Amino acid sequence: MSKIQMTTPLVEMDGDEMTRILWQIIKDELLLPFIDLKTEYYDLGLEHRNETDDKVTVESAEATKKYGVAVKCATITPNAARMTEYNLKEMWKSPNGTIRAILDGTVFRAPIVVKGIDPNVKTWKKPITIARHAYGDVYKNTEMRIPAAGKVELVYTNAEGVEERALVHTFNGPGVVQGQHNIDDSIESFAHSCFKFALDTKQDLWFATKDTISKKYDHRFKDIFQEIFDKEYKDAFEKAGIEYFYTLIDDAVARVMKSEGGFIWACKNYDGDVMSDMISSAFGSLAMMTSVLVSPAGYYEYEAAHGTVQRHYYKHLKGEETSTNSVATIFAWTGALRKRGELDNIPELSSFADKLEKACIKTIEDGKMTKDLALITSIESPTVLNSRDFIIEIRKTLESL
């Protein structure tokens, strides 16, 4: 069988630890035998990031702007222990955060639904997609430890040097203070990405913050979303038969728990971080969660929603067998390949991506899975496979479809 030809490369961002091992097996077994794979490769492994003073991360994001579609392996965001382990020059920032800032994108995460892996919330029948704003708030905060009694103020100085002040708190003793910010441009990009993604996927869009408490900060998000929706998307939503509405985040949580799913839930940065983990765990596993960064400028970056599986990697280094779930990483590749096929008008590439996803799901539903899924499945007597054998089994299923 001749291989599927590509015309434009994907930006390939390699990563760390166990997911890096899986990355190569996926390419060798599920992609290269079927596709004349074209990628522009960037090594975002922590050692190479350190060697390049993290310039490789910036270069990979700029390449994504050039080619439009990227696929990313999970990467390490170093802490103090990693500084020592990898002998780092400095504690490099999150690659995901760097890439998100450059692409000005919104992260959409959705569970991969499989028969036999039942959600903990019995009403959920369809995936719930979390749209996470990827800029600012606590992730760009400035913090200060207050040593003793005193006054903390917010001070804004305009271009003419005129100051505007607001009292944060008068401390009677030690404490802590934190400053957060966001910008209208980023919130507007967030809104556009959410509305466009809702139209692309034909799903209702919910947006939730806490504007009753945060009457300026959160309310600004609410106002920008409503203004953009009314001006640019209202008619398109009506024509598509989908709905946009705003609600308080505590009301949203209550409604989500009683819903059937099948909608997009847009959240500010921290809320989206927490809620995507909650949704993934309730649906089964972070290893069964897709993640795509969508920019209103038309850039797409696909990745797994989980980390580098450090514990399994250390077992792998000792020569011990691992049973690591590769589904989310496979779906990162399929998402990128499908989008590349759409943009380049190569329907056979998009069809291959669909077929590979079906092979992953069928393999699991046939009772062949990794240990994490075997522990939670309702399928009787599942076959537990190691990391490599699971991917080999998916290939067998793929070839049989």
Side-chain angles (χ1 to χ4, degrees), residues 4 10 12 15 18-35 37 71-74 108-119 126-129 201 261 279-281 283-292 300 302-307 309 312 322-342 348-379 382-401:
I4 298 166
L10 291 172
E12 178 186 351
M18 198 63 208
T19 44
R20 188 182 181 99
I21 305 297
L22 297 175
W23 193 261
Q24 191 59 50
I25 302 172
I26 290 165
K27 287 173 66 177
D28 290 343
E29 295 294 336
L30 300 179
L31 303 179
L32 293 171
F34 308 99
I35 303 169
L37 191 64
V71 58
K72 181 181 174 295
C73 184
F108 295 88
R109 288 185 170 174
I112 300 161
V113 177
V114 179
K115 290 175 187 173
I117 310 296
D118 303 315
K126 304 172 187 175
I128 296 169
T129 301
T201 59
I279 293 289
S280 65
S281 295
F283 267 99
S285 168
L286 262 178
M288 299 291 288
M289 192 88 167
T290 64
S291 182
V292 56
Y300 299 83
Y302 295 82
E303 62 178 339
H306 58 72
V309 203
H312 286 199
T322 65
S323 182
T324 314
N325 191 333
S326 52
V327 171
T329 305
I330 295 168
F331 272 59
W333 275 102
T334 56
L337 290 167
R338 183 184 297 107
K339 181 56 67 175
R340 188 76 275 162
E342 290 172 7
E348 56 268 34
L349 188 59
S350 298
S351 295
F352 173 80
D354 293 341
K355 192 175 174 182
L356 180 50
E357 289 182 0
K358 287 176 186 174
C360 289
I361 291 168
K362 187 176 189 306
T363 300
I364 296 167
E365 292 180 347
D366 286 347
K368 300 162 188 174
M369 61 193 73
T370 47
K371 185 178 179 181
D372 61 314
L373 298 181
L375 291 171
I376 61 174
T377 187
S378 58
I379 296 170
T383 302
V384 180
L385 300 169
N386 66 34
S387 305
R388 178 179 288 276
D389 286 350
F390 178 59
I391 294 171
I392 299 294
E393 203 61 46
I394 290 170
R395 177 171 177 176
K396 291 178 185 175
T397 307
L398 176 65
E399 292 174 328
S400 72
L401 293 177

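As the structure is a prediction and not an experimental result, all values here were calculated from the model.
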Inset, instruction - Mind checking salt bridge (charged side-chain N to carboxylate O under 4.0 Å, His left out) for Arg338 and listing every partner two or more places apart, or none if nothing turns up? - result: Asp354, Glu357
For residues 359-369, which side-chain N or O atoms pair as donor and acceptor with protein atoms under 3.5 Å away, sequence neighbours left out?
residue : atom : partner : partner atom : Å
Lys362  : NZ   : Asp366  : OD2          : 2.8
Thr363  : OG1  : Ala359  : O            : 2.7
Thr363  : OG1  : Thr397  : OG1          : 2.8
Glu365  : OE2  : Lys115  : N            : 2.9
Lys368  : NZ   : Glu393  : OE2          : 3.3

Legend entry - Sequence-distant partners of Lys27, salt bridge (charged side-chain N to carboxylate O under 4.0 Å, His left out), two or more places apart: Glu12
Inset, instruction - Not counting sequence neighbours, list each pair that qualifies as a ring-ring contact (aromatic ring centres under 6.0 Å, His included) and has a residue in residues 348-368. - result: Phe34-Phe352
Legend entry - Lys396 bridged to Glu399 by N-O distance under 4.0 Å: no
Legend entry - Worked verdict on Ile330 versus Leu22 for side chain to side chain contact (heavy atoms under 4.5 Å, CB included): CA-CA 9 Å; Ile330 295 168; Leu22 297 175; over 6 Å; no
Legend entry - Least distance between heavy atoms, Pro127 atom then Pro111 atom: CB-O, 3.8 Å
Inset, instruction - Evaluate the side chain to side chain contact (heavy atoms under 4.5 Å, CB included) criterion for residues Asp372 and Met288: first the C-alpha distance (whole Å), next the side-chain angles of each, then the deciding distance (0.1 Å), finally the verdict. - result: CA-CA 10 Å; Asp372 61 314; Met288 299 291 288; 5.5 Å; no
Inset, instruction - Kindly write out the residues that satisfy salt bridge (charged side-chain N to carboxylate O under 4.0 Å, His left out) with Arg340, not counting sequence neighbours, or none if the list is empty. - result: Asp344
Legend entry - Those residues that, when tested against Ile25, pass side chain to side chain contact (heavy atoms under 4.5 Å, CB included) (two or more places apart): Ile21, Glu29, Arg388, Ile391
Inset, instruction - For Ser281, check side chain to side chain contact (heavy atoms under 4.5 Å, CB included) against everything at least two apart and list the hits. - result: none
Legend entry - Residue pair Ile394 / Phe390, side-chain heavy-atom distance below 4.5 Å: yes
Legend entry - Passing candidate, side chain to side chain contact (heavy atoms under 4.5 Å, CB included) with Ile4, options Leu337, Leu349, Leu31: Leu349
Inset, instruction - Only counting residues at least two apart or in another chain, list the ones meeting side chain to side chain contact (heavy atoms under 4.5 Å, CB included) with Ala336. - result: Leu10, Val69, Val71, Tyr302
Legend entry - His306: partners by side chain to side chain donor-acceptor pair (under 3.5 Å), with sequence neighbours left out: none
Inset, instruction - Return the set of residues passing salt bridge (charged side-chain N to carboxylate O under 4.0 Å, His left out) with Asp118 (not counting sequence neighbours), or none when no residue passes. - result: none
Inset, instruction - Kindly say whether Thr370 contributes a backbone atom to a donor-acceptor pair with the side chain of Ser323 at under 3.5 angstrom? - result: no
Inset, instruction - Tell me, please, which residues at least two apart from Lys355 pass side chain to side chain contact (heavy atoms under 4.5 Å, CB included). - result: Leu398, Leu401
Legend entry - Sidechain-backbone polar pair: Arg20 side chain, Gly15 backbone, donor-acceptor under 3.5 Å: yes
Legend entry - Donor-acceptor contact present, side-chain Ser387 to main-chain Thr322, <3.5 Å: yes
Legend entry - Sidechain-backbone polar pair: Thr377 side chain, Gly116 backbone, donor-acceptor under 3.5 Å: yes
Inset, instruction - Kindly write out the residues that satisfy ring-ring contact (aromatic ring centres under 6.0 Å, His included) with Phe108, not counting sequence neighbours, or none if the list is empty. - result: Phe197
